[in-house]
Amino acid sequence: MGGMAVAFIILAAGKGTRMQSDLPKVLHKVAGAPLLIHAMKSGAALEPDKTVIVAGHGGDAVEAVARDWSDDVDVVMQTEQLGTGHAVLQARDALDGFDGDAIVLYGDTPFIQPETLDAMLAARADHDVVVLGFEAADAGRYGRLVMTGNSLERIVEFKDASPAERDITLCNSGVICASSDLLFDLLADVTDDNAGGEFYLTDIIGIARHRGLFATVVNCDEAETMGINSRAELADAEAAFQTRARRAAMDNGVTLQAPDTVYFSHDTYIGADTIVEPNVVFAPCVTVENAAHIRAFSHLEGCHVSRDSVVGPYARLRPGAELAEGVKIGNFVEIKNAVLDAGAKVNHLSYIGDAHVGARSNIGAGTITCNYDGVFKHRTTIGEDVFVGSNTMLVAPVMLGDESMTATGTIVTRDVPDGDMAVGRARQENKTGFARRMFQKLKSKKTNAAKGA
Ligand code: UD1
Ligand code: CA
């Protein structure tokens, strides 16, 4: 945007009383990410020079989440919530000396698109203040935008609005843009002399016009400005997100056999020609390359699936699962913090954790990496072209060499050299006629007991 510096001020001090929660409202999640992170991501897409979060209720928790996501944020505290204008003023010191545009976002409004913010910055070329507005299906208690032609004259809060003003359907989203200096200058004139007894950010428009400055509105879809105030609205936001994510995946060439049953996270990436069967959950941090196949009832989180791999049905990929090309993970298999090289197979009923499985190795049914001794986690390293027999217990730390093998039911406690076979199980003995004799004895005991009764 013409090199003009941009800062974001994200308001996140409110309690969110209607959430009925101990958690600050902006930390409730949609698509696996706190609402605040959605707002931060919208801003981050414009590569801002500064991002200031105004926290209050649960401020420490809000700060921790914000810093966890970005080490380039300022967090300021608004100890008393005296209104949106007062909230923005708390960012003044953090933006001292900043020369550029400031955009105010709300931490509870997750779906503002970067393109919309770009449009607001563009509109700043010939207006001092730009407000993001929308035509509301039900204007309810939103602030109303009072226009004269293309000029925004003032914003009137519902509580303070006349009946005629309440008839206006063009509403204030809350997103506002002005040069940082002007924003704080205008805010200095805002008072709490209104029906709410609050310092309204929205009053800066009337003040700007009074000074002969110019304000206008950029419009967006109502869906984009959706704010979350209750659990029901949180669920609505989740549903809206999922609808869009499913549509976007299909537009990008992903087959969803039953789109309504597939759940995406805010950061899910799936390549073209991948097929996703019904009832699959993509928790955060999942990337799937092209032409993979994710079968029904699988749960994936923090993992990477390469092309031509097949996952599921009923598979669980946990954080750190790295599947190279053409890997097969079958039913009731759990993979955690493990790299599987090309063509490796774990087809049935296994747990592979803290491990490396070499190319083309086959892990038999029921195999488990015993990675945890109750205190420490240990690694299992399996070479290339290894055949691990069914029900092998790999007691880590342990290593299976290339082209080695384990016999079914083996408990592997020592490394197996390349090309060797490990057998570690009790030797079988057959006791001649024992079973038949024992059953006869037991049956006659039962008959005698019945007679006696
Ligand atoms: C605000 C706008 C209204 C707009 C609506 C859109 C004002 C005066 N009104 O009303 O025109 O239509 O949003 O949703 O700006 N917050 C703080 N500190 C405070 C007060 C609020 O951080 O002291 C935060 C809240 O946590 C919330 C956001 O600012 O995320 C908006 O505050 P809220 O009280 O919900 O404003 P509304 O009354 O909805
Ligand atoms: Ca609100």
Side-chain angles (χ1 to χ4, degrees), residues 8-19 21 23-28 34-36 38-40 42 52-59 62-63 66 75-91 103-112 129 131-146 152 154-161 165-166 168-178 183 186-187 190-207 215 217 219-220 222-230 233-234 237:
F8 284 95
I9 302 169
I10 304 181
L11 306 190
K15 185 171 192 303
T17 310
R18 286 202 279 144
M19 294 301 285
S21 175
L23 198 65
K25 175 164 77 173
V26 296
L27 298 190
H28 285 268
L35 296 172
L36 177 65
H38 287 269
M40 288 173 71
S42 303
V52 185
I53 314 275
V54 181
H57 281 281
V62 170
E63 176 165 10
V75 181
V76 298
M77 293 296 163
Q78 184 196 28
T79 42
E80 263 185 304
Q81 280 72 53
L82 302 180
T84 49
H86 178 260
V88 173
L89 266 180
Q90 309 310 305
I103 301 179
V104 177
L105 298 176
Y106 291 170
D108 64 1
T109 303
F111 299 141
I112 304 286
V129 188
V131 167
L132 182 62
F134 62 100
E135 281 293 337
D138 169 10
R141 304 188 63 80
Y142 286 119
R144 306 301 207 264
L145 302 180
V146 181
L152 174 61
R154 58 198 190 92
I155 304 177
V156 58
E157 287 306 298
F158 177 80
K159 282 182 197 165
D160 303 289
E165 288 165 336
R166 289 183 178 185
I168 298 173
T169 53
L170 184 62
C171 291
N172 174 30
S173 69
V175 182
I176 219 164
C177 176
L183 178 67
L186 294 169
L187 277 171
V190 170
T191 69
D192 61 358
D193 181 17
N194 52 52
E198 289 181 13
F199 294 90
Y200 293 159
L201 171 61
T202 45
D203 280 355
I204 67 168
I205 302 301
I207 295 167
V217 172
N219 278 291
C220 73
E222 183 166 9
E224 209 175 316
T225 71
M226 173 178 202
I228 281 86
N229 299 292
S230 64
E233 287 173 359
L234 189 70

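In listed order, ligands and their atoms are each counted from 1.
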Have a look at ligand 1 and work out which part of C171, if any, has a heavy atom under 4.0 Å from it: side chain, backbone, both or neither. neither

I'd like to check whether Y142 has a polar contact with ligand 1, where a contact means an N/O of the residue lying under 3.5 Å from an N/O of the ligand. no

Approximate separation, where rounding is to 0.5 Å, of F134 CZ and L145 CG: 8.5 Å

So is there a nitrogen or oxygen of G83 less than 3.5 Å from a nitrogen or oxygen in ligand 1? yes

Mind checking whether D108 has an N or O less than 3.5 Å away from an N or O of ligand 1? yes

Return a yes/no value for V54: is any of its N or O atoms, backbone included, closer than 3.5 angstrom to an N or O of ligand 1? no

Centre of F158's six-membered ring, under 6.0 Å away, within 45 degrees of the axis: is that where NZ or CZ of R166 sits? yes

Nearest heavy-atom approach of V156 to E165 is CG2-OE1, 3.7 Å

N or O pair under 3.5 Å between E80 and ligand 1: no

Straight-line distance of C171 SG to E222 CD, nearest 0.5 Å: 7.5 Å

Sub-3.5 Å donor-acceptor pair from the side chain of R18 to the main-chain atoms of S230, do we have one? no

Between ligand 1 and G14, is the shortest N or O to N or O distance under 3.5 Å? yes

Select one of side chain, backbone, both or neither to describe which atoms of A87 lie under 4.0 Å from any atom of ligand 1, heavy atoms only. side chain

Is the closest N or O pair between G143 and ligand 1 shorter than 3.5 Å? yes

Heavy-atom side-chain proximity of I53 to V26 below 4.5 angstrom: no

Note: K25, heavy atoms under 4.0 Å from ligand 1, region reported as neither

Does any N or O atom in Y200 lie less than 3.5 angstrom from one in ligand 1, N or O only? no

